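When reading the values below, keep in mind they use all heavy atoms of this one structure, side chains included, and skip hydrogens, waters and symmetry mates. Treat the numbers as computed from the prediction; the structure is a model and nothing was measured.
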Amino acid sequence: QLQLVESGGGLVQSGGSLRLSCAVSGWNLDRYAIAWFRQAPGEEREAVSCIESTGSGTNYADSVAGRFTISRDNTKNTVYLQMNSLKPEDAAVYYCAARTLYCAARDEVYVYWGQGTQVTVSS
């Protein structure tokens with residue numbers, strides 16, 4: 001089974017930055033597209049960003065475009081989400097998820113999920 005472990009969450013002031021990491025084990029990262037999702041209490045899960053297996057294709061939610069950057073280091077089997085200019089509305093549990101090769105819009109096709117890491121943004 002592919003295993004995903006998120007880290008890097010924490011408390012940050014509005015306008016600050018965090019870098020989340022998604023460490024992948026159990027299979028080669030270069031076979032998978034990795035997406036970041038987030039879910040705040042009482043809110044629906046939403047897609048944040050995704051990077052394809054080669055790293056050449058990325059996408060971002062409109063709410064984070066220009067502030068967040070997704071990247072991957074296949075040698076280290078790790079995907080990163082650099083979050084800058086954080087806003088209170090960015091506070092959520094952030095999850096990484098994997099599917100083969102390509103990003104997809106539907107949550108259902110991401111069959112591998114991490115446990116999540118909490119991001120808290122103070123106003």
Side-chain angles (χ1 to χ4, degrees):
Q1 178 73 284
L2 192 72
Q3 295 183 340
L4 309 174
V5 179
E6 302 94 336
S7 63
L11 174 64
V12 65
Q13 292 182 327
S14 180
S17 298
L18 286 173
R19 188 180 73 164
L20 305 183
S21 298
C22 176
V24 180
S25 63
W27 203 253
N28 292 330
L29 180 59
D30 61 5
R31 297 178 182 269
Y32 296 95
I34 304 294
W36 287 95
F37 295 83
R38 66 187 182 188
Q39 187 168 28
E43 302 290 334
E44 296 180 348
R45 185 173 62 195
E46 62 176 332
V48 176
S49 184
C50 187
I51 186 166
E52 294 182 335
S53 62
T54 64
S56 61
T58 60
N59 57 59
Y60 300 91
D62 289 343
S63 59
V64 306
R67 299 187 296 119
F68 290 11
T69 303
I70 191 169
S71 62
R72 66 193 297 153
D73 186 338
N74 288 348
T75 301
K76 297 182 178 180
N77 284 348
T78 302
V79 172
Y80 304 97
L81 184 67
Q82 179 67 47
M83 305 185 296
N84 297 327
S85 301
L86 282 162
K87 304 175 181 179
E89 55 262 41
D90 295 319
V93 176
Y94 283 72
Y95 301 89
C96 58
R99 70 178 305 272
T100 304
L101 294 180
Y102 301 107
C103 295
R106 302 191 307 276
D107 295 356
E108 293 81 3
V109 303
Y110 291 92
V111 298
Y112 305 106
W113 292 82
Q115 81 288 347
T117 186
Q118 177 71 55
V119 172
T120 303
V121 184
S122 61
S123 60

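Note that the CD1 atom of I34 and the OG1 atom of T58 stand 14.0 Å from one another [nearest 0.5 Å]. Separation of atoms OG (S49) and CZ (R38) is listed at 11.0 Å; rounding is to 0.5 Å. Atom-to-atom distance recorded for R19:CZ and M83:CE is 11.5 Å, nearest 0.5 angstrom. In this structure, OH in Y112 is found 7.0 Å from OG1 in T100, a value given to the nearest 0.5 Å. Atom SG of C50 is separated from atom CG of L81 by 11.5 Å, given to the nearest 0.5 angstrom. Considering CD of Q82 and CG of L20, their distance stands at 8.5 Å, rounded to 0.5 Å.
Y95 approaches G114 most closely through the heavy-atom pair CD2-O, 3.6 Å. Residues P88 and S123 approach most closely at CG-CB, 4.0 Å, considering heavy atoms. Of all the heavy atoms in A91 and A40, the pair that sits closest is O-CB, 3.7 Å. Scanning all heavy atoms of the two residues, the minimum distance from R67 to L86 falls at NH1-CA, 3.8 Å. For the pair N77 and N74, the tightest heavy-atom approach, listed with the atom from each and the gap, is OD1-O, 3.0 Å. Between N59 and C103 the shortest heavy-atom distance is ND2-CB, 3.8 Å.
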*Trace of the side-chain hydrogen bond (donor to acceptor under 3.5 Å, both in side chains) decision for D30 with S53*: CA-CA 5 Å; D30 61 5; S53 62; over 6 Å; no

*Go through E52 and L101 one step at a time and tell me if the side chain to side chain contact (heavy atoms under 4.5 Å, CB included) criterion holds.*
CA-CA 6 Å; E52 294 182 335; L101 294 180; over 6 Å; no

*When you look at V109 and D107, which way does the side chain to side chain contact (heavy atoms under 4.5 Å, CB included) test go after all the steps?*
CA-CA 6 Å; V109 303; D107 295 356; over 6 Å; no

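When hydrophobic clusters are built by joining Ile, Leu, Val, Met, Phe, Trp and Tyr residues whose side-chain heavy atoms come closer than 4.5 Å, directly or via intermediates, V93 is not grouped with V48. V5 and L18 are not part of a single hydrophobic cluster, where members link through side-chain heavy atoms under 4.5 Å apart.
Judged by distance alone, with hydrogens and angles left aside, the side-chain atoms of T117 form a donor-acceptor pair with the main-chain N or O of G9 at under 3.5 Å. Looking at Y32, its side chain never comes within 3.5 Å of a backbone N or O of L2 through a donor-acceptor pair. Of the possible polar contacts, one joining the Y110 side chain to the A104 backbone as a donor-acceptor pair under 3.5 Å is found. Here the side chain of T78 pairs a donor or acceptor atom with the backbone of K76 at under 3.5 angstrom. Proximity of a side-chain donor or acceptor of Q13 to a complementary backbone N or O of S122 within less than 3.5 Å is not detected. In terms of modelled atom types and a separation under 3.5 Å, the side chain of E6 and the main chain of C96 share a donor-acceptor contact.
A cation-pi contact, defined as under 6.0 Å to the ring centre and within 45° of the axis, is absent between R72 and W36. Annotation: cation-pi geometry satisfied between R45 and F37 (NZ/CZ under 6.0 angstrom from ring centroid, within 45° of ring axis).
Within a 6.0 Å radius of CH2 in W113, other residues, nucleotides and ligands contribute more than 12 heavy atoms.
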